[in-house]
Structures are given as structure tokens and as C-alpha cells.
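Numbers here simply count residues along the sequence, with the first being 1. Ligands are counted one by one from 1 in listed order, and the atoms in each one are counted from 1 as well. Computed from a prediction, not measured in an experiment: that's the story for all the values here. Just the heavy atoms: all of them, side chains too, but no hydrogens, waters or symmetry mates, feed the values below.
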Amino acid sequence: MSSPNVETDTTDVIICGCGPTGALLSANLSRLKVNHVILEREAEITTDPRGIALDEDGIRIMQGVGLYEELFRDVGKSMGVFRFIEGGRGLNVAPFLQFDYSTIEGGTGHVGFLCHKQPAMERHLQAKIDQTYGQLRSSSSVVAISEDKGNVYVDYEEGSGKLRRIRGKYLVGADGKTGFIRKKYLEPRGIIMEKSAKFRYEAVWVALNWHITLPTPESHPDFPLWRLGYTPEEVYDLYFPRDFNFICDPTRPSVCGRFGRTVDRLWRFEFVVKPGEDGQKMATPEETQKIIFPYLTHPGRRYVLTENVAFPADCIKCIRSRPFSFSARSCNNWSLGRVILCGDAAHVFPPFGGQGITSGFRDAISLSWRLKIAVRSDSADYQALFAGWAAERKQQLERSLASTIENGNFCNEPSRIKAFIRNWYLWVYQLIPSWKHSLELGGRREGMTRYDY
Ligand SMILES: Cc1cc2nc3c(=O)[nH]c(=O)nc-3n(C[C@H](O)[C@H](O)[C@H](O)COP(=O)(O)OP(=O)(O)OC[C@H]3O[C@@H](n4cnc5c(N)ncnc54)[C@H](O)[C@@H]3O)c2cc1C
């Protein structure tokens, strides 16, 4: 065992990490009456909203654990339409292509995407951990793992520095893309993250979140649009449109849109860091303003004014601005012995398709019933169960990657000439209403995933 003479207790399933994946797994194990303990390094849910897009399958899965009203009341709202626009002409230009995710035409009966606040979603998920079967131990960092024939032993350090041990039949690493379970325990045993052969795009992007305050005639008496009769709410809609924009600018691909509830007034802008640029520097206010403010300055002629009209900068508060690198990768194996990887610990996506959280959810929901079988019977062939789970999941992962690639390719086309030809081709294509409608279905065009094996 990893270290002797430490206080030890026992459960059936140990989950390392209580992000969206670990929390959803716990909620499902609770429903299946499987005893489990979740060890989470942090004392509180991280307040940094990272993921903002949850697809309809994710909404369905949340509904499956009894969270639906909460989603639209506290967490977010329909993401509306994904608009693919040319760069350099503001956010209100007509798109050359759009995916209409405001409808319920997919396979689940839900809108295509929810734009959400990840911390609020995690808070609701954690509330679904049923204390009868599951226990969340916060401020508990996993530091060592060992296995014998029938058990896995996990050593973890509490916030006070005290070392404790827990014994379980299975350990699930839901500890994120740089998590301990894969990096320190499974990688030395041959489990590695492999790059996707289909999507080789790797890049650094800056993701920033802004909180917007509405300007008013009292706070900004000189703002020119008041004279034209605009209300503060209309000004907000003009500068921070409701739908999500993919800015397909060969010189600086970017995406932007609202997230969370309307009243939260949160805005995400992500842009690519070009070769030779420094990610940290590009995330500073001086650099981000140079890139984003042109989108927040409208030409005066739009309002029959002589001067351009900029949204008041003092109504914008930056609450996050950080570079992050991304690629499409997945582990060569998702389990070894009694240790299983789930969510970002097993696979990572570029952000264009909003597939990170939902993929972790799908892992968790389809793993939970297999864990139930595995813990119920000591004679169950757990290795075959988990291999079947990974084979099932990888089929769906391909599909998630395909929709991510589709969005990413539109956004990241580096050649102006190719982008020009593509846009004209799409314009002609969309003259046929049924073809246009088919395009507007976006990732829902292919229907729900079918599992062949
Ligand atoms: C800028 C950005 C934008 C994104 N946008 C989207 C989006 O729009 N849509 C989307 O679906 N996804 C998006 N993602 C990805 C999304 O955030 C992740 O896919 C998701 O958080 C993965 O959930 P997870 O539970 O698997 O891992 P995580 O959220 O990383 O959670 C892992 C948990 O494990 C804990 N942990 C780590 N090590 C230990 C340890 N040793 N002991 C105990 N606990 C430990 C951590 O504290 C953490 O709570 C984005 C990510 C970023 C960075």
C-alpha cells in the first residue's frame, strides 16, 4: 500500500475531482444507490466561468438528474443562432451562414445550445449528490494511489495537511486535463493522451469574460444614441447582440457572445494568438482592447451621424482574460485495472463545438450503470465492462469532434480567396430553401448518434 498507518475508510467507488464530470457521475451513482466518495482538491467551486456552451444532449442529461427549471432559471438561456460572419465589418453584418439552435428540431426536444455559467451549473450538480450514497470531501487532494487484487487505495491530503486513505473497489479520475490520476499514475503505465488524426489544429487563444453595465442618459449624458431615442437596453442589444458570432476573419479568427442569463450581462470574447505573439501579453487590457474595441465602435453613418459611436468603455469590467492552448486529444485507453478516466482527464476538445462538458457528462452517465454492475458482483468482468464503455464512448467522441471541426474550419480558414469562394458557394446553395434549412440545422443535421457496437 502507498503509505502505512494512516486513517483509512472504505467505499465502493472513489471519484477524484468534482468538476462537471465528477459531480454528474456522483448524481447518477446516487440514483443507482452506489456508495461513493468524491475527493475534490478545492475548498469551493471555482468561480472562473470557463465553459459557456452546453449542447442539447447536455441539457437532456441535466434534466435526467432532475435539473431543468434550474438550468433556465439560474444557469443560462438558449444560445440562439450561431452566426458565421466575415471579419472587420462589425458584429451586426448579415452572416454568410447560420446554424439555428434556437429551435427544438434536434433529437432531444430541447433547444440546440444553452449558454451558461459553468460555476452555477456545478453548484446545482453538487446539490444533487445524495448524502445517503455519496459524500463530497472538499479540500482533499489525491497524492498517491495503489492497487491490489480486489481494491484500489487512494491517499489524499486534507486542507489541514493531514494525510488520509480511502479504499474502494474502483477509482474514477475525473480530475481534468492535467489531473493527477492520468499524469502521475496511468501515464507511467502506458496510458497517454494522443492527438486526433482528423483535427490537427493546435493553437493558443485568449478567452476573456466581461461584465457589462448598462449606460444610461444619467450616467452618460453625451452618448449620442439617446438623442435618437434608443433605450439603454436597445444599446446593449446593438453592441452585444443576442446570438453567438463566429468571426471568420483570416487575419484574426474570433468568437463572441453573451453567456449566462440575460440579467447577468456577461460577454465572452475569444481570439487566436498568432504565431510570434505572446499569449500572456495578448491577454493584457492594452492588447485585448485593440482587438475587441473595433467591434464595439459603430460607424456614424449607420445612425446618420458624423462621428463614430463607441460603447462606453467604463461600462465594461473585465473579469477574466487568459490565454489557453487547445487541441483535440483522447487517451489510448480509458481504464487500466480498477482505475478509470472520465471527462477532460480522458479527452480534450477545441472549444468551437461546445463539446467539453457534454462529453464528460456522456462518459459519466454511461459509466455509472457499469460501475453499479461491477460493484454488485465480485465476479463481474469489470475489464470487459470498461472496455465496452470506452468503445461506445469513442464512437460518440468522433461525432463531437466532427461538429467541432465543422465550426472550427469555417472560423479558421486562413486563405482570403478560399473564404471568398466558400462564402459565395454558400450564398448560392442557400437559394434553395430546403438546402438552406438543412444547413441551418448545423450539428443536428445528422440526427442523434447511433451506436454500432
Ligand atoms: C476558456 C475555456 C472555454 C471553454 N469553453 C467550453 C464550452 O463552451 N463548452 C464546453 O462544453 N466546454 C468548454 N470548456 C471545457 C470545459 O470547461 C471542460 O471540458 C470541463 O470543465 C471538464 O470538466 P471535468 O469535470 O472533466 O474537469 P474539470 O472541470 O477540470 O474538473 C476537474 C476537477 O478535479 C479537481 N482535481 C484536480 N486534481 C485533483 C486532485 N489531485 N485531487 C482532487 N481533486 C482534483 C479540480 O479541482 C477540478 O475541480 C472550456 C474550457 C476553457 C478553459
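- Residue Ala53 touches ligand 1 through backbone and side chain together, judged by heavy-atom distances below 4.0 Å.
- Considering Ile52, Asp344, Val255 only, the shortest heavy-atom separation from atom 19 (O) of ligand 1 involves Asp344.
- If you check the side chains of Thr108 and Glu56, you find a donor sitting under 3.5 Å from an acceptor.
- One option in Gln355, Arg41, Met79, Glu40 has a heavy atom closer to atom 35 (C) of ligand 1 than any other, and that option is Glu40.
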**side-chain hydrogen bond (donor to acceptor under 3.5 Å, both in side chains) evaluation trace for Asp48 with Thr46** = CA-CA 6 Å; Asp48 179 21; Thr46 169; 5.3 Å; no
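- Only backbone heavy atoms of Ala174 (N, CA, C or O) come within less than 4.0 Å of ligand 1; its side chain stays farther off.
- Contact detail for Arg137 and Val37: the closest heavy-atom pair is NE-CG1, 3.7 Å.
- Which parts of ligand 1 touch Phe180 is read off a 4.0 Å heavy-atom cut-off, strictly below it: atoms 41 (N).
- By the definition of a contact as any protein heavy atom under 4.0 Å away, atom 15 (C) of ligand 1 is not in contact.
- At under 3.5 Å, a nitrogen or oxygen of Arg50, whether backbone or side chain, sits near a nitrogen or oxygen of ligand 1.
- The Phe324 neighbourhood of ligand 1 comprises atoms 1 (C), with distances under 4.0 Å to a heavy atom of that residue.
- Under 4.0 Å from ligand 1, not a single heavy atom of Lys177 appears.
- Neither the backbone nor the side chain of His347 has a heavy atom within less than 4.0 Å of ligand 1.
- The part of Leu39 lying near ligand 1 is the backbone, judged by heavy-atom distances below 4.0 Å.
- Inclusion of Ile357 in the set of residues having an N or O under 3.5 Å from an N or O of ligand 1 is warranted.
- Of the listed options Gly176, Cys18, Gly19, Gly176 places a heavy atom closest to atom 27 (O) of ligand 1.
- Closest to atom 21 (O) of ligand 1, if we only count protein heavy atoms, is Gln118 NE2, 3.0 Å.
- Close approach of ligand 1 to Ser140 (heavy-atom distance below 4.0 Å) involves ligand atoms 42 (N), 43 (C).
- Protein heavy atom at the shortest distance from atom 26 (O) of ligand 1 is Thr21 OG1, 2.8 Å.
- Using modelled atom types, one finds no donor on one side chain facing an acceptor on the other under 3.5 Å when comparing Ser368 with Arg31.
- Of all the heavy atoms of Pro20, the ones lying under 4.0 Å from any atom of ligand 1 are found in both the backbone and the side chain.
- Taking any N or O of Glu270, backbone or side chain, none lies under 3.5 Å from an N or O belonging to ligand 1.
- Ligand 1 has no N or O atom lying under 3.5 Å from any N or O atom of Ala345, backbone or side chain.
- For atom 6 (C) of ligand 1, the closest non-hydrogen atom of the protein is Gly51 CA, 3.1 Å.
- Among the atoms of Val142, some N or O lies under 3.5 angstrom from an N or O of ligand 1.
- Note that Arg338 lies in the cation-pi zone of Tyr382, set by a 6.0 Å cut-off to the ring centre and a 45° limit from the axis.
- Ring geometry, Phe269 versus Tyr295: the interplanar angle falls from 30° to 60°, so the pair is classed tilted.
- Scanning Leu24, Val154, Asp175, Asp363 for the heavy atom closest to atom 39 (C) of ligand 1 points to Asp175.
- A cation-pi geometry, defined here as NZ or CZ lying under 6.0 Å from the six-membered ring centre and within 45° of its normal, holds between Arg265 and Tyr236.
- Side-chain N/O atoms of Ser254 and Arg252 include no donor and acceptor closer than 3.5 Å.
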